[in-house]
There are 2 protein chains.
Amino acid sequence: MTRGRAAHAVPAGARVANPRPETAEKRQRILEAAMSIFATRGYNNGSLIEIGEEAGVSHAGVIHHFGSKDQLLIAMLEYRDDSDVAELEGKHIPDGAALFDHLVRTVELNIERPGVVQLYAVLCADSVTEGHPAQDYFRARFVGLREMVRGALADVVPEASDARVDLAASTIIATMDGLQVQWLLDRSAVDMPEAVRLVIASVIDRLRSEAR
Amino acid sequence: MTRGRAAHAVPAGARVANPRPETAEKRQRILEAAMSIFATRGYNNGSLIEIGEEAGVSHAGVIHHFGSKDQLLIAMLEYRDDSDVAELEGKHIPDGAALFDHLVRTVELNIERPGVVQLYAVLCADSVTEGHPAQDYFRARFVGLREMVRGALADVVPEASDARVDLAASTIIATMDGLQVQWLLDRSAVDMPEAVRLVIASVIDRLRSEAR
DNA sequence: GTCTATATTGAGATAGAC
DNA sequence: GTCTATCTCAATATAGAC
């Protein structure tokens, strides 16, 4: 829905239960290419032609598999989430203090994959513009993230009020996101993992001292 | 430079020392329109035609005054900075603890102008993509912001090391930016001013206790 | 200095051959 | 299921009348 044209029925071929392994592989190549292009060029500037070239198919092939550019974006976001889940190898995301370790560990990992960081930073901010196809995705993502951090904070600082825990959860997530942009603009200017450690420790300390 | 075409000489008429007051007024109307359109639609999706319509000139008129879309963006960013400076009415940006009050006050103000918040959130993240015309602008902006917050922190927590003060400055700025995106996606989910107060107080406390 | 008209480019999506 | 060719639309930028 990025251009003015009205919505239309999903073309055949999008979202079938891909029977053939070859097809699944091609879909995956397209998704990887979409990650790379959307990350470096943004959503609106990244074209299906570029994505097709990088994946070794024509742009028509891309549309054949995903129906439209919007749907490709959504599919790519889900694909990335699935990859991360796969890395966790069945372990659930940890609770309590272990979650904060996990967050810092993720930031450390992210330093080795600036493409992924840029993908999320650009698309996330892009999504606040009117009618952006990934708006629901990011809204839901933040709801989930806040809930997760909130739970961990409640474990670690049970004496804090719900209101303060809510606030602290938003704050920690916001810091991680904001740091990414500063880091992308100048990688030597920000020590992301250490900054995240600082904000987590600071906020937990503060919640404790407030409740005392 | 958003499309593939090569750079070309700045057309006549762009950036003259506008002699006529009428012209200056029209330029200002275009800049206001650009703020509004770039905020709601993003840089790439916002067109010169829309901006022209809102300003009451043709899109050719827009180009006549600013030379190109890229240059219009830069001019608009500078114009916004100048407006903020004008609001301060000659007062300098405060030092020390007063700066933190000023930051919170700014966030409170921002709640009443979501358009400006969105403008910066979208363009700032957009600017990390390759060849974005506002990249230098935002890089310089962060350098300046960090320096400002660093100075205030050094006033308030003189016993902290430079390294910790640097880190804390990045963190506070990051939180403010990250909160904006969450807030834009769901205004009822985040209490921005209170969250900013929390992070400032938390980080200052922490720097103090670390130095003890 | 401002407009209308147009040139040029590039996008996403469709049709139909293979 | 994949491609080539084409369609439709919209964008930035230019040319030239007024």
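Note that this is a predicted model, so its numbers are computed, not measured. Convention: sequence-line order gives letters A, B, ...; per-chain numbering from 1.
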What is the distance, to the nearest angstrom, from the CZ atom on B:Arg27 to the C1' atom on C:dG1?
13 Å

Just jot down the side chain to side chain donor-acceptor pair (under 3.5 Å) partners of A:Glu194, sequence neighbours excluded, or say none.
A:Arg197, B:Arg164

Distance in angstrom units between A:Ile63 CD1 and D:dG1 P, rounded:
17 Å

Residues that A:Asp186 engages under side chain to side chain donor-acceptor pair (under 3.5 Å), provided they are two or more places apart
A:Ser188

Looking for any heavy atom pair under 4.0 Å, which part of the strands does A:Gly52 touch: base, sugar-phosphate only, or nothing?
nothing

Starting from C1' on D:dA11, measure out to CG on A:Asn45 and report it in whole angstrom.
12 Å

Just how far, in rounded Å, is C1' of C:dG12 from CZ of A:Phe38?
12 Å

Determine the interplanar angle of the B:Tyr120 and B:Tyr137 rings, folded into 0 to 90°, and report it as parallel if under 30°, tilted if 30 to 60°, perpendicular if over 60°.
tilted

Rounded to whole Å, please give me the gap between CD1 in A:Ile49 and P in C:dT9.
15 Å

Integer-rounded Å distance: C:dA13 C1' and A:Ile51 CD1
15 Å

Write down the distance between CG (A:Asp70) and P (C:dA11), rounded to a whole number of angstrom.
16 Å

Please tabulate, for side-chain N and O atoms in residues 49-58 of chain B, each donor-acceptor pair with protein atoms closer than 3.5 Å (sequence neighbours left out).
| residue | atom | partner | partner atom | Å |
| --- | --- | --- | --- | --- |
| B:Glu50 | OE1 | B:Arg41 | NE | 3.4 |
| B:Glu50 | OE1 | B:Ser47 | N | 3.1 |
| B:Glu50 | OE2 | B:Arg41 | NE | 3.1 |
| B:Glu54 | OE2 | B:Ser36 | OG | 2.8 |
| B:Ser58 | OG | B:Ala60 | N | 3.3 |
| B:Ser58 | OG | B:Gly61 | N | 3.1 |

Carefully, step by step, assess B:Ile63 and B:His59 under the rule side-chain contact (heavy atoms from CB on, under 4.5 Å).
CA-CA 7 Å; B:Ile63 290 189; B:His59 79 166; 5.8 Å; no

Just wondering, are more than 12 heavy atoms of other shown residues or ligands nearer than 6.0 Å to CD in A:Glu25?
no

Nearest-Å distance for atom pair CD/C1', residues B:Glu50 and D:dT12
14 Å

Does atom CD of A:Glu108 have more than 12 heavy-atom neighbours, drawn from other residues, nucleotides or ligands, at distances under 6.0 Å?
yes

What do the steps show when you test A:Met76 against A:Phe66 for side-chain contact (heavy atoms from CB on, under 4.5 Å), and what is the final call?
CA-CA 10 Å; A:Met76 183 218 66; A:Phe66 293 95; over 6 Å; no

Residues that A:Arg80 engages under side chain to side chain donor-acceptor pair (under 3.5 Å), provided they are two or more places apart:
A:Asp84

Terminal axis angle for the helix from C:dG1-D:dC18 to C:dC18-D:dG1, five pairs an end, nearest 10 degrees
10°

Would you tabulate the nitrogen or oxygen pairs shorter than 3.5 Å linking the protein to nucleotides 2-6 of chain D?
| residue | atom | partner | partner atom | Å |
| --- | --- | --- | --- | --- |
| D:dT2 | OP2 | A:His65 | NE2 | 2.5 |
| D:dC3 | OP2 | A:Ser58 | N | 3.1 |
| D:dC3 | OP2 | A:Ser58 | OG | 3.3 |

